[in-house]
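Only one structure is covered here, and it is reproduced in the block below.
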Amino acid sequence: MSNPIKKALARLIIRMSDRLSSRPDKDAVFKSLSQLHDRILQGKKDSGLLVPFDLQQGRFIIFSDQHKGCRDAADDFKEAADAYTHALEYYYDHGYTLINLGDCEELWENTPAAVMQYNEPPLRAEARFLQKKRYYRIFGNHDLEWHYAVPRRQFLRPLFGKKLRIYEGLVLQTQYNGNAYRVFLAHGHQGDKRSDGNAFSKWFVAAIWTPVQRFLDIHPDTLSESFDLVDAHNIMMYEWSLQTANTLFISGHTHKPVFASLDHIDRLTKQLQRATADDDLTAVTALQTELHQRQEEYAGKQLVKTMAYPTYFNTGCCCFSDGDITGIEIADGFIRLIKWSGKNSPVTHRKVLEEAPLYYLFDQLPRSI
């Protein structure tokens, strides 16, 4: 196909896509998340599983948004691949269950065959968890093709085997003070008309839109690349979590870490203000360094909102440009926002950015819904 025709088709497709873009709509987000949550609690295993865990003994690591690509200039994962693989080795050796919360592979820009070819080491590291029955995988909007049996069997089964299942969500359930408390997990694209409107739209994106996008080399902006939309969407997901009794909600999708309903950049800013007021020069220097390192990821941020209840968490992503990855740990009765870094270093470092006892958060949940 000639270049002028291809460019004209690309412009037409982009205009059509803009009408169904990833701009979050509150009613759609609320409706879609509620439907998914309720289906899982009703035992609809095609949507997700209800997984019991012991409050003190359960161990989970939740990563999302690797966007594994083909190690070319468009591959957001390539700088973080080593940190991710080393982190998986740590969590495997320490008995964690791995929850991969969507957009694990970048299938909008790459074919599944190419992604499998260039990412065998991290994929095999994931598959080890499945062999020990310590692995759950959720699909997102950028790897929506895994929602369907044919591509799963063709591309994932050779590495993961026949036991691999992929869900839209997951609910972890535990007991505290005689009551059931839950941690609901979903990628966070729910309510996006382009990939979550209905069964037909899901199929259309996976079977038609994605191959056309690859052919025409279309790279439209996603939600995670627009910071005003990121904040708005995180706030919507927080507001949805308020209406769900005895539940914490963990998502990915926006690429922006959130811990206990406060995004990490806001928390760092508040900590810096407090350290400055206390004349704590050591803390001021460390916090200024951390904020500077995050400058590129959070440039253009518009909204700042401190949220009242600690009901919402976001994993961040495993494709930061500096090679860092962030995730959420649930272990030993705590929930933690963690970062792994080690680009250009023989040692990958784990750092706890935020942590809180789960029982403390459960006690802080709103009493009336």
Apply the test ring-ring contact (aromatic ring centres under 6.0 Å, His included) to residues Tyr167 and Tyr136: give CA-CA distance (whole Å), side-chain angles for both, the deciding distance (0.1 Å), then the verdict. CA-CA 8 Å; Tyr167 304 100; Tyr136 299 97; 7.2 Å; no
Between Glu239 and Lys26, does the salt bridge (Lys or Arg N to Asp or Glu O under 4.0 Å) criterion hold? Intermediate values first, please. CA-CA 9 Å; Glu239 291 173 341; Lys26 184 174 180 177; 3.2 Å; yes
Could you walk me through whether Tyr309 and Tyr238 satisfy the ring-ring contact (aromatic ring centres under 6.0 Å, His included) test, starting with their C-alpha distance in whole Å, then the side-chain angles of each, then the deciding distance to 0.1 Å, before giving a yes or no? CA-CA 9 Å; Tyr309 293 102; Tyr238 161 73; 7.7 Å; no
Applying side-chain hydrogen bond (donor to acceptor under 3.5 Å, both in side chains), run through His255 and Asp65 and close with a yes or a no. CA-CA 7 Å; His255 294 197; Asp65 295 272; 3.1 Å; yes
Passes side-chain hydrogen bond (donor to acceptor under 3.5 Å, both in side chains), His189 versus His253? Steps please. CA-CA 6 Å; His189 67 287; His253 187 53; 5.6 Å; no
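A salt bridge is absent between Glu89 and Arg128; no separation between the charged side-chain nitrogens and carboxylate oxygens falls under 4.0 Å. Salt bridge annotation for Asp72-Lys78: absent, with no cationic side-chain nitrogen under 4.0 angstrom from a carboxylate oxygen. Look at Glu126 and Arg137 and you find a salt bridge, because one of the NZ, NE, NH1 or NH2 atoms lies within 4.0 Å of a carboxylate O, short of that distance.
The distance between the ring centers of His37 and Phe184 falls below 6.0 angstrom. In this structure, the ring of Trp340 has its center less than 6.0 angstrom from the ring center of Tyr91.
No side-chain heavy atom of Ile99 sits under 4.5 Å from any side-chain heavy atom of Phe63. The shortest distance between side-chain heavy atoms of Asp46 and Glu168 does not fall below 4.5 Å. Residues Glu105 and Trp146 form a side-chain contact, since some pair of their non-hydrogen atoms from C-beta on lies under 4.5 Å apart. Contact annotation: the side chain of Phe259 approaches that of Ile335 to within less than 4.5 Å [non-hydrogen atoms, C-beta and beyond]. The shortest side-chain heavy-atom distance between Val171 and Leu49 does not fall under the 4.5 Å cut-off. In this structure the side chain of Lys68 reaches within 4.5 angstrom of the side chain of Cys104, judged on heavy atoms. Taking 4.5 Å as the limit, some side-chain heavy atom of Leu185 sits within range of a side-chain heavy atom of Ile62. Considering only heavy atoms from C-beta on, Met237 stays 4.5 Å or farther from Val258 through its side chain.
With Ser64 contributing its side chain and Gly102 its backbone, the two residues share no donor-acceptor pair below 3.5 Å. Between the Gln190 side chain and the Gly188 main chain, a donor and an acceptor come within less than 3.5 Å of each other. Judged purely by atom type and a 3.5 angstrom limit, Arg152 uses its side chain to pair as donor or acceptor with the backbone of His147. Between the side chain of Asp278 and the backbone N or O of Ala275 there is no donor-acceptor pair closer than 3.5 Å. Between the side chain of Asn119 and the main chain of Cys70, no donor-acceptor pair closer than 3.5 Å is present. Distance alone, capped at 3.5 Å, is enough to place a donor-acceptor pair between the Asn314 side chain and the Gly252 backbone. A donor-acceptor contact shorter than 3.5 Å links the side chain of Ser261 to the backbone of Thr311. Although no hydrogens or angles enter the test, the distance criterion places no donor-acceptor pair under 3.5 Å between the side chain of Ser34 and the main chain of Ser32. The main-chain N or O of Glu106 is found under 3.5 Å from a side-chain atom of Asn110 such that the two form a donor-acceptor pair. Judged by distance alone, the side chain of Arg134 and the main-chain N or O of Tyr92 form a donor-acceptor pair under 3.5 Å.
Between Phe60 and Phe53, the ring planes are perpendicular. Angles over 60° get that label, and only those under 30° would be called parallel. Aromatic ring pairs are classed by plane angle as parallel below 30°, tilted from 30° to 60° and perpendicular above 60°; the pair Tyr96 and Tyr90 is tilted. Using bins of under 30°, 30° to 60° and over 60° for the plane-to-plane angle, the ring pair Trp240/Phe249 lands in the perpendicular bin.
A pairwise comparison of heavy atoms in Ile138 and Leu101 identifies CG1-CD1, 3.7 Å as the closest pair. Residue Ala186 comes nearest to Leu33 through the heavy atom pair CB-CD2, 4.4 Å, listed as atom of the first residue, atom of the second, then distance. Closest of all the heavy-atom pairs between Gly69 and Asp75 is N-OD1, 3.2 Å. Nearest approach of Pro366 to Leu242, heavy atoms of both residues: CG-O, 4.1 Å.
With rounding to the nearest 0.5 Å, the separation of NE2 in His67 from CG in Leu107 is 10.5 Å. Interatomic distance, His349 NE2 to Lys339 NZ, rounded to the nearest 0.5 Å: 10.5 Å. Rounded to the nearest 0.5 Å, atoms CH2 (Trp108) and CG (Asp103) are 8.0 Å apart.
More than 12 heavy atoms of other residues, nucleotides or ligands shown are found within 6.0 angstrom of OH on Tyr176. Heavy atoms from other residues, nucleotides or ligands lying under 6.0 Å from CZ of Arg157 number more than 12.
Side chains of Asp76 and Gln66: a donor-acceptor N/O pair is absent below 3.5 angstrom, by distance only.
A single hydrophobic cluster is not seen to contain both Phe334 and Leu365; linkage of ILVMFWY side chains at heavy-atom distances under 4.5 Å, directly or through other members, places them apart.
Annotation: cation-pi geometry not satisfied between Arg71 and Tyr118 (NZ/CZ under 6.0 angstrom from ring centroid, within 45° of ring axis).
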